[in-house]
S.K.: 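I'd like to ask you about the structure that follows.
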Amino acid sequence: MPLAKHLEFQAFTLAEVLVAVALTVIFGVAAFATNERLLIALKNQKETTAASMMLQERMEKFRGFSYSNIADKTYVNTNVVQVKTTSEAALSNLSETITVSGYMNTGGTIRNYPSDGTTANKWVRNLTYPNGNQTDTNTSLAADNDLLKVDILLTWTSANGRSRTRDLAAVFGKGNIGP
């Protein structure tokens with residue numbers, strides 16, 4: 001009878017298998033976490049782009065108006081504040097503040113609303129007031145000023161829950177000619 005040959009088997013130990021499984025789990029979790037952060041960053045960039053486009057769209061509206069129309073609270077309310085933009089849908093919990101104030105009075109004095117005590121035409125449009133709410137009124141902007149300043153401020157809640165803002169300002173002169 002021949003002697004039994006001793007066979008050697010090569011295999012992984014339980015400890016090696018557990019280490020390999022742990023490394024695979026850690027890699028998978030890291031990949032998913034990275035993917036989640038990337039998706040949030042992409043959504044934030046989409047929101048920033050939408051906000052910039054919305055600001056540009058609003059300001060282009062004002063650039064197309066005459067000086068007296070920019071100073072007219074009813075005209076601005078009807079043609080800007082109550083009209084939604086094409087890019088605002090991407091902004092969650094959007095609040096828009098539009099302020100038309102005197103920038104330089106007819107005497108040549110530069111103004112600084114609201115710290116100088118002057119009034120302006122100011123609207124806030126948000127979820128509570130989807131068609132806008134006028135919070136400040138000045139009916140003599142065109143007569144009292146040679147230059148008007150238009151400020152547009154956007155505030156929204158981003159994909160990661162933080163509050164974000166963007167703003168844009170422009171100065172308009174009578175006959176669209178500034179000093």
S.K.: Would you say the side chains of Thr74 and Asn77 form a donor-acceptor pair under 3.5 Å?
M.R.: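 There is no such pair between these side chains.
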
S.K.: Holding to side-chain hydrogen bond (donor to acceptor under 3.5 Å, both in side chains), I want the full list of residues that pass it with Glu36, two or more places apart in sequence or in another chain.
M.R.: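 Here no residue qualifies.
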
S.K.: Main chain of Asn105, side chain of Thr109: is a donor-acceptor contact present, judged purely on distance under 3.5 Å?
M.R.: no

S.K.: Would you call the rings of Tyr75 and Phe65 parallel, tilted or perpendicular, where under 30° means parallel and over 60° means perpendicular?
M.R.: perpendicular

S.K.: Should Asn126 and Glu96 be marked as a side chain to side chain contact (heavy atoms under 4.5 Å, CB included) after you check the CA-CA gap, both sets of side-chain angles, and the distance that decides it?
M.R.: CA-CA 6 Å; Asn126 53 27; Glu96 177 183 27; over 6 Å; no

S.K.: According to a hydrophobic-cluster definition based on side-chain heavy atoms being under 4.5 Å apart (Ile, Leu, Val, Met, Phe, Trp, Tyr only), do Val100 and Leu153 belong together?
M.R.: no

S.K.: Any pair with a residue in residues 13-35 that passes salt bridge (charged side-chain N to carboxylate O under 4.0 Å, His left out), sequence neighbours left out, goes on the list, sorted by first then second residue, please.
M.R.: none

S.K.: Any side-chain to backbone donor/acceptor pair from Thr165 onto Thr155? Under 3.5 Å, distance only.
M.R.: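 The answer is no, because no donor-acceptor pair under 3.5 Å joins these two groups.
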
S.K.: May I have the step-by-step check of side chain to side chain contact (heavy atoms under 4.5 Å, CB included) for Ser163 and Thr157, ending in yes or no?
M.R.: CA-CA 5 Å; Ser163 180; Thr157 305; 5.6 Å; no

S.K.: Can you confirm whether Ile70 sits close enough to Val150 that some side-chain heavy atom of one is under 4.5 Å from a side-chain heavy atom of the other?
M.R.: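 Result yes, sub-4.5 Å side-chain heavy-atom pair found.
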
S.K.: If hydrophobic clusters are built from ILVMFWY residues whose side chains come within less than 4.5 Å, do Val124 and Leu154 share one?
M.R.: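 No, it is not one cluster - the side chains of Val124 and Leu154 are not joined through contacts under 4.5 Å.
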
S.K.: Taking a hydrophobic cluster as the set of Ile, Leu, Val, Met, Phe, Trp and Tyr residues connected by side-chain heavy atoms closer than 4.5 Å, whether directly or through intermediates, do Tyr113 and Val81 fall within one such cluster?
M.R.: no

S.K.: Start with the C-alpha gap between Leu168 and Gln56, add the side-chain angles, then the distance that decides, and say whether side chain to side chain contact (heavy atoms under 4.5 Å, CB included) holds.
M.R.: CA-CA 8 Å; Leu168 185 63; Gln56 287 296 326; 3.9 Å; yes

S.K.: What about Leu94 and Tyr129, same hydrophobic cluster or not, with Ile/Leu/Val/Met/Phe/Trp/Tyr joined at side-chain heavy-atom distances under 4.5 Å?
M.R.: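 Per the 4.5 Å side-chain linkage, Leu94 and Tyr129 are not co-clustered.
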
S.K.: Begin with the C-alpha distance, continue with both residues' side-chain angles, and end with the deciding distance and a verdict on side chain to side chain contact (heavy atoms under 4.5 Å, CB included) for Asn121 and Gln134.
M.R.: CA-CA 7 Å; Asn121 290 329; Gln134 190 159 6; 3.6 Å; yes

S.K.: Flag the pair Glu57 / Thr86 as yes when at least one side-chain heavy-atom distance between them is below 4.5 Å, and no otherwise.
M.R.: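 The answer is yes, as the side chains (C-beta and beyond) meet within the 4.5 Å cut-off.
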
S.K.: Would you say Val171 and Met104 are hydrophobically clustered, going by side-chain heavy atoms of ILVMFWY under 4.5 Å?
M.R.: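 Per the 4.5 Å side-chain linkage, Val171 and Met104 are co-clustered.
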
S.K.: Whether the Asp146 and Tyr103 side chains hold a donor-acceptor pair (N or O, under 3.5 Å, no angle test) is what I'd like checked.
M.R.: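 Looking only at side-chain atoms, Tyr103 and Asp146 do not form any donor-acceptor pair under 3.5 Å.
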
S.K.: List for me each residue that meets side-chain hydrogen bond (donor to acceptor under 3.5 Å, both in side chains) alongside Ser158, sequence neighbours excluded, and say none if there are none.
M.R.: Asn160

S.K.: Could you tell me whether Glu88 and Arg125 make a salt bridge, using a distance below 4.0 angstrom between a side-chain N and a carboxylate O?
M.R.: yes

S.K.: Can you check whether Tyr67 reaches Leu147 side chain to side chain, under 4.5 Å on heavy atoms?
M.R.: no

S.K.: Taking the side chain as everything from C-beta on, heavy atoms only, tell me whether Ser101 gets closer than 4.5 Å to Thr118.
M.R.: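 No, side chains not in contact.
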
S.K.: Indicate whether the side chain of Asn138 and that of Ser140 have a donor and an acceptor atom separated by less than 3.5 Å.
M.R.: yes

